[in-house]
Every structure is written in structure tokens, then in C-alpha cells.
Engineer: 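Please find one structure pasted underneath; my questions will follow.
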Amino acid sequence: MKIISKEDFSDFVNALIRNESWNVFGVKSKGNKFAFGLLESASELRLDYDVTLLPPKKYFFPQRETLFTYDLSNGFSAKGFTAEAKPTIIIGVHPYDIMALLHMDEIFRETKSDPYYFEKRNSSIIIGVNIQKMSKWCFAPLMGCATVEYGYDLMLTDLGNRYAINIGSQKGEELLEKYAKNVTNALARDIQLVGQKKREIMNMSQQKFDFPPELIPELLEKIYEESGFWEKHSYKCLACGSCVLVCPTCYCFDVKDNPDLSLEHGERIRTWDGCLLEDFAKIASGENFRRTKPTRYRHRYFKKGKYLFDRFGFISCVGCGRCSSNCLPDIANPVNLFNDMYHETLNKGIRVTHAAVPEVNIQTEGNIDYVPRLATIVRKKPMGANEALFEIKLDDGSDLGHKPGQFVEVSVFGVGEAPISLSSSPTKKGTFELCVRKAGNVTTKLHTLNVGDRVGIRGPFGNGFDADFLKGKDLLFIAGGLGIAPLRSLFNYVLDNRNDYGRVILLYGCKEPRESLFNDELLLLAQRDDMEFKPTVNWCPEDEVWTGNIGVITTLIPQVDFDPEKTYAIVCGPPIMYEFVIGDLKEKNVPDDHIILSLERRMKCGVGKCGHCQINQIYVCKDGPVFSYSKIKGVPEAL
């Protein structure tokens, strides 16, 4: 521990500011509030603040960030955007915000590391300060985040006319040695005084839990289905997203294109987003998987207190109180909600114990690449009024290398990017196929493109069908509407390796005959003697001809005899279909782990970062989109 006078500390800060090789940010007054901003002088620095408007995460995960730029004017090109990695020094970070950054580090490192975040994070220096004044909303002491022993380069404690400085890294030590003067070693009394200050901080909070906060994950688990509780707490919610946008541990984002006026150049950007916003979980076809205020409000608390705890082992709330202070209807205070939750469980006689510490195994497989590979449309075939089949070839000549059931992110530059399931088998070399329905902006624009036009491709992503595991098994494919497209990737793989699989049955249904897809292929399937094919339509208009079954897809299941112990059912279709198909399969005694589902959600990033595809604790883009029913049977938002 070191000691420096406040006058010498000001000189230290001014010396840092004069060095133009880095940006120096610190806490400044903004009216009667406080905010992190670029420092021009040490006199602007306010280390006696209570809380800042926004957390310092904005310097590593900005509200708006360029992922890459593109140029359509001279041929076609796209390149990653790399900001000048000018080192950043941030002065005056409270311990709870330091802890929040440590949480963000783990989140942005998991699966695929985010180079945009870590480029800025690794070139930064964090100079923290122990809390002197605490906002009335702050409950950091209750969350164990009011003081920290690591995560900083230097940590200040105000001792009146001087600061005690804890050195947390070699970078911090070198900075102090080079730019600070008259720094001395702390005496025993100084060390004791710092300890006393930290103990005082632990008693500053005006907020109080009526229970040990370690119970939060289990409290949430017990109260999930209590819809009345969530309705009571959310009915005043304005769905404005203020609470999540000021949170130091919220990391959800949206990705969109920003073309210039000429439409020849542009950039793809990511911007902060929030799970409390009404359309956050809405997909292009119109389904909203979290359409009510109570479900969105509940998701916010579950994500912080349960889902991230199960994934990383920490409750991702540091107690800063920003959500409470920024909520206009005053319903965002976690302490009030959890206290009410605790008493409600007690009144219902529900026993709550400490959550078991989860096993945490964070895997990182390289960096996320947000820059798509360029590809060319080599064939376009209309499939229906709103569907078309695109055959695409990567411009670098490589194979996509996908597994059946995976998806890619398709870019139409200037419009955006959309997730689309692969429709072709990996046995098809050189090109791959996508069956695309006009639904949102990207897919509508994609339908206007023709052979020779170029698109961007990221992926393949996700957990596909385990074709090797299914070898030797009887397979029952059940496809509804556009669900035939992702199933086709596995179905054709099975047909290309027909001797490796047992009995093969395809049940395919759509609303009316004109909506049937892949009709030429279906006609050929009907002529094969090594598989069974049964089609159906919900209805047949008078001006159409149909000689097959009429009824919803489930009317076909009783028409097929199969051994449930030897058969695996592979299901894909509109969301409303799953409940009824699964119900009929269960009546046939098909085991849960013999039912395989492909789910659709709004998969914006492809690597479990943006949050849009999250269903309870599962990220569809990373953990799916293919799931065994046994794995998601108890997941309320899945089906």
C-alpha cells in the first residue's frame, strides 16, 4: 500500500492528461448528477460522488459500435473495423462497477471471445476509488460488491488530506512510478484506517434484505410460475428499458446496417438493446416469444439472479442501484422485489435453501468474426408465393462445412443480417442451399436478388442434428410448412447414406396445396420403395386439386405404425405445432429422448452474446437450434 497527498495526486492526474498517448476519463459533475467523461484537468475530477449515470462499461462495450464497413461502389468489399487502440485510463471507478466489469469479462469471453470488447479492455487502466458517499438506492454491500480486492490497477481510499493506494497490477505500479511524485509507503496506521473505512462502507446502505442474498437463485426458481406475483410487480412497467440500459452487467445488443446516402458505402453497427423492450424476442414471422410485460419483467430478474448464476456461478447484480433510480414508475428496485418474493414464499409455506454452487466450465474457441465471407448466388428457384430456394457458393471456393440442422447468418449489405437454416445436406459439395421466406427486411430484399448477386455469409452456427448417433435408427420426420427446409438438410443426408439408417418416414403438412415446398422432390420421394412419405394439407380451396390427406399434421401420426423404442422423431414447424405433435408422439409411447426438435428464435449474433434468442437459461443459437425434447421439456419458454 502507498500514500500520496491529494495535491500530489492532482499533479499525477494532470501528468496523465498531458500525455496524449492515452485518453484519461474520470467522474465529473453533470448538474446535480455525475458521469464519466474525458478529463481536461484534475480539478474536474469528483471522487466523492455517489453513483454515475452510466457505468464505465460504456468504454469497452459502447452504446454504438462499428463492427465492419462495406463498399459496393467498386466491385464489392467488406472489412472489419478496428478502432485505434488508444489506451484508456479510467479514474474513480467504484468497486461495484469493477465487479461488473469482471462479470462482463467472463460473458464476453465464453464460447467465442469478443475482440471488440477485449481490445479496449486489455489496453485500459482502471483506477478505482472506495465509496465515500452511497446513493440511497445502492445495495452493493448486500451483494458483496462494495469493496474489492482485485480487478483494478490502482485503488484509492480517501484518508482526509491524502489517498491510500492499493496496487493491483504491474501496469498500475509502473504508472505510479513514472508519473506520480512523493509517493511513500503506507504506515501501519494508514493500513488500519483503510480497513476501518472499508468496514464503514459495509454499513452505508439504506437498503436491506430480509433474507441472505445467497437464497436469490432458489427464490426465483420457486416463484417462476406465480404469474400473479409478476403481474403485480410489472403492471406499472412502461417497457422503456431504462433499467437495463443503465445496468453495468447488461450486455444485450442489436445489430443493424447503417448505409450512407449514396447506398454504396455503409457500416454494420451494434447498439445496446434490452430484454424489457416489447419486440426484443420477436422474430421476423411475427411470433413474439415474450410478448407480455410480466414475462419480460420476470426474464430480467431471472437472467440476473438465476440464468447467469447457473452458467457462470455469480449473481449478475452488483447492487449499484441505477435501475431503481432511473425507473419512472419506481418498480425496478431489486431489494423490494426480492423481499416481497421472500415473504410470499414464506406465506405459501415454500421452503427455500441455498442454491448449490454450479459447476462452471467456461470454454473459449477463438474470436467472434462479425465480418461475413463473401458469396455469390449461383441458382435461384421460386418455391411458392413467398419462398425461394437459393443455391450459394462461397467466393473463396471453400465448402461451408456445415452439419445438418445448423444455420448461417446471411447479409444483404445495406439492409442487415438474418439467420437462415441450411436446407442442403453436407454431402452436397461446393455450394449450399437456403430456402428463404419473405418475412422481414433482409429476407424481402434477398428475394429481389438474382443469380450473380453477392451476399455475406457467417457461420455455420449452432448445434445441429447428430447424424452419426442416428445411424441404425428408424427415423420419423415430421415437418410443418417451412419446417421442411431445415429438416431437408438431414433428410437428404440420410438418403445419400441410405444403408446407414433404418426405416425412414416423412410426414409433411402445410396449409393448402399451393404452399407445399420442394414439390418436384416430393414427387420423386413418393416413387421410392426405401422410404415412406405421407403429405397432408389443412384445407383445399375449390380451385385447387388435392388427392391426399386433408387435416393438420397430427392427423398423419395415427396412420403410421412404428416401434417407439426403435424410432426417433425429428420435428420442425411453426411454434404452435410442437405441443400437439409432441402430445400425439407421447400417446404413441415415444420416449422423450427420442423426440428431436429444431426451434426458431431471433438469433442475431450466432454465439450466445446478444441475448435475443434466449429461452430461459438456453441460448438457441449456441445450445440449439436442435434439441432433444428431454433437455427442454421443463423449460417453460421453449415450447
Side-chain angles (χ1 to χ4, degrees), residues 215-231 275 281 287-292 294-313 315-316 341 344-345 348-361 405 462-463 465-466 469 478 554 564-565 568-603 608 611-639:
L215 295 181
I216 287 174
E218 284 300 299
L219 273 176
L220 287 164
E221 176 116 354
K222 304 294 185 184
I223 208 81
Y224 184 92
E225 298 289 352
E226 300 293 333
S227 58
F229 177 86
W230 299 107
E231 288 168 4
C275 60
E287 287 92 353
N288 191 332
F289 294 94
R290 211 174 291 121
R291 59 185 179 82
T292 65
T295 56
R296 294 193 297 273
Y297 186 86
R298 176 179 63 191
H299 181 76
R300 177 206 169 203
Y301 284 98
F302 265 79
K303 188 165 187 177
K304 299 292 183 188
K306 177 62 178 169
Y307 303 148
L308 289 174
F309 175 80
D310 289 343
R311 205 171 195 100
F312 295 101
I315 295 172
S316 195
M341 187 183 298
E344 183 146 333
T345 56
K348 291 179 179 292
I350 300 172
R351 185 170 177 267
V352 180
T353 57
H354 287 201
V357 178
E359 291 186 14
V360 178
N361 183 22
N463 176 44
F465 298 106
D466 191 341
F469 171 79
I478 304 175
T554 50
E565 293 300 324
Y568 280 75
I570 301 152
V571 185
C572 187
I576 195 171
M577 183 184 105
Y578 289 95
E579 178 182 353
F580 299 102
V581 168
I582 291 169
D584 281 21
L585 291 173
K586 295 306 296 178
E587 286 187 9
K588 287 269 195 176
N589 298 314
V590 178
D592 292 346
D593 61 353
H594 283 217
I595 301 173
I596 302 170
L597 310 171
S598 179
L599 302 184
E600 178 186 13
R601 289 300 187 271
R602 189 183 178 193
M603 297 175 284
H612 285 276
C613 72
Q614 187 173 357
I615 50 175
N616 297 106
Q617 71 273 25
I618 294 169
Y619 292 90
V620 176
C621 71
K622 185 167 70 74
D623 304 318
V626 175
F627 296 94
S628 167
Y629 178 55
S630 62
K631 300 294 185 183
I632 60 172
K633 181 179 179 180
V635 180
E637 291 182 344
L639 301 170

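All residue numbers in this chain count up from 1 along the given sequence.
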Engineer: Show, in sequence, the C-alpha distance, side-chain angles and deciding distance for Phe289 and His612, and conclude whether the side-chain contact (heavy atoms from CB on, under 4.5 Å) test is met.
Structural biologist: CA-CA 10 Å; Phe289 294 94; His612 285 276; over 6 Å; no
Engineer: Side chains of Glu344 and Ile223, heavy atoms from C-beta outward: is any pair under 4.5 Å?
Structural biologist: yes
Engineer: Atom OG in Ser630, atom CD1 in Ile596: separation rounded to 0.5 Å?
Structural biologist: 9.5 Å
Engineer: Spell out, as yes or no, whether a donor-acceptor pair under 3.5 Å connects the side chain of Arg601 to the backbone of Ala638.
Structural biologist: yes
Engineer: Salt-bridge test for Lys631 and Asp623: reply yes if a basic N is under 4.0 Å from a carboxylate O, no otherwise.
Structural biologist: no
Engineer: Are Lys348 and Glu226 close enough, and set up right, to give a side-chain contact (heavy atoms from CB on, under 4.5 Å), and what steps lead you there?
Structural biologist: CA-CA 11 Å; Lys348 291 179 179 292; Glu226 300 293 333; 3.6 Å; yes
Engineer: Closest heavy-atom contact between Glu637 and Gln614?
Structural biologist: OE1-O, 4.0 Å
Engineer: Between CD of Glu587 and OG1 of Thr554, what distance do you get to the nearest 0.5 Å?
Structural biologist: 10.0 Å
Engineer: For the backbone of Arg291 and the side chain of Arg296, can you confirm whether one donor and one acceptor N or O come within less than 3.5 Å of each other?
Structural biologist: yes
Engineer: Below 4.5 Å, heavy atoms only, C-beta onward: do Glu565 and Asn589 meet side chain to side chain?
Structural biologist: no
Engineer: In Å, rounded to the nearest 0.5 Å, how long is the span from CG of Leu597 to CZ of Phe627?
Structural biologist: 9.0 Å
Engineer: When you look at Asp592 and Lys586, which way does the side-chain contact (heavy atoms from CB on, under 4.5 Å) test go after all the steps?
Structural biologist: CA-CA 8 Å; Asp592 292 346; Lys586 295 306 296 178; 2.7 Å; yes
Engineer: I'd like to check Val620 versus Met603 (side-chain heavy atoms, cut-off strictly below 4.5 Å). Are they in contact?
Structural biologist: yes
Engineer: If I compare all heavy atoms of Glu231 with all of Pro294, which pair ends up nearest, and what's the gap?
Structural biologist: CG-CG, 3.7 Å
Engineer: So, Asn616 versus Tyr224: side-chain donor-acceptor pair below 3.5 Å or not?
Structural biologist: yes
Engineer: Measure the spacing between CG of Asn361 and CZ of Phe312 and express it to the nearest 0.5 Å.
Structural biologist: 11.5 Å
Engineer: Under a 4.5 Å cut-off applied to non-hydrogen side-chain atoms, are Ile570 and Phe465 in contact?
Structural biologist: yes
Engineer: Which heavy-atom pair separates Cys613 from Cys621 by the least distance, and what is that distance?
Structural biologist: SG-N, 3.3 Å
Engineer: Does the plane of the ring in Tyr568 sit parallel, tilted or perpendicular to the ring in Phe469? Use 30° and 60° as the thresholds.
Structural biologist: perpendicular
Engineer: Looking at Gly462 and Pro625, what are the two nearest heavy atoms and their distance?
Structural biologist: CA-CD, 4.1 Å
Engineer: List the atom of Pro358, the atom of Gly313, and the distance in Å for their closest heavy-atom pair.
Structural biologist: CG-CA, 3.8 Å
Engineer: Taking CD1 in Ile350 as the centre, count heavy atoms belonging to other residues, nucleotides or ligands within less than 6.0 Å. Is the count above 12?
Structural biologist: yes
Engineer: side-chain contact (heavy atoms from CB on, under 4.5 Å) between Leu599 and Ile615: does it pass, once the steps are laid out?
Structural biologist: CA-CA 11 Å; Leu599 302 184; Ile615 50 175; 4.1 Å; yes
Engineer: With side chains defined as the heavy atoms from C-beta onward, is the minimum distance between Pro564 and Lys588 less than 4.5 Å?
Structural biologist: no
Engineer: Might you point out which heavy atoms bring Ala355 and Phe309 nearest each other, and give the distance in Å?
Structural biologist: CB-CE2, 3.8 Å
Engineer: Could you measure the distance from the CG atom of Leu215 to the CD atom of Glu221? Nearest 0.5 Å is fine.
Structural biologist: 13.0 Å
Engineer: Quick one: pull up CG in Leu220 and NZ in Lys303 and give me the separation to the nearest 0.5 Å.
Structural biologist: 14.5 Å
Engineer: If you define the side chain from C-beta out and look only at heavy atoms, does anything of Ile315 sit under 4.5 Å from Pro217?
Structural biologist: yes
Engineer: May I ask you to test the Ile582-Leu639 pair for a side-chain heavy-atom distance under 4.5 Å?
Structural biologist: yes
Engineer: Taking C-beta and beyond as the side chain, do Lys306 and Glu218 meet within less than 4.5 Å on heavy atoms?
Structural biologist: yes
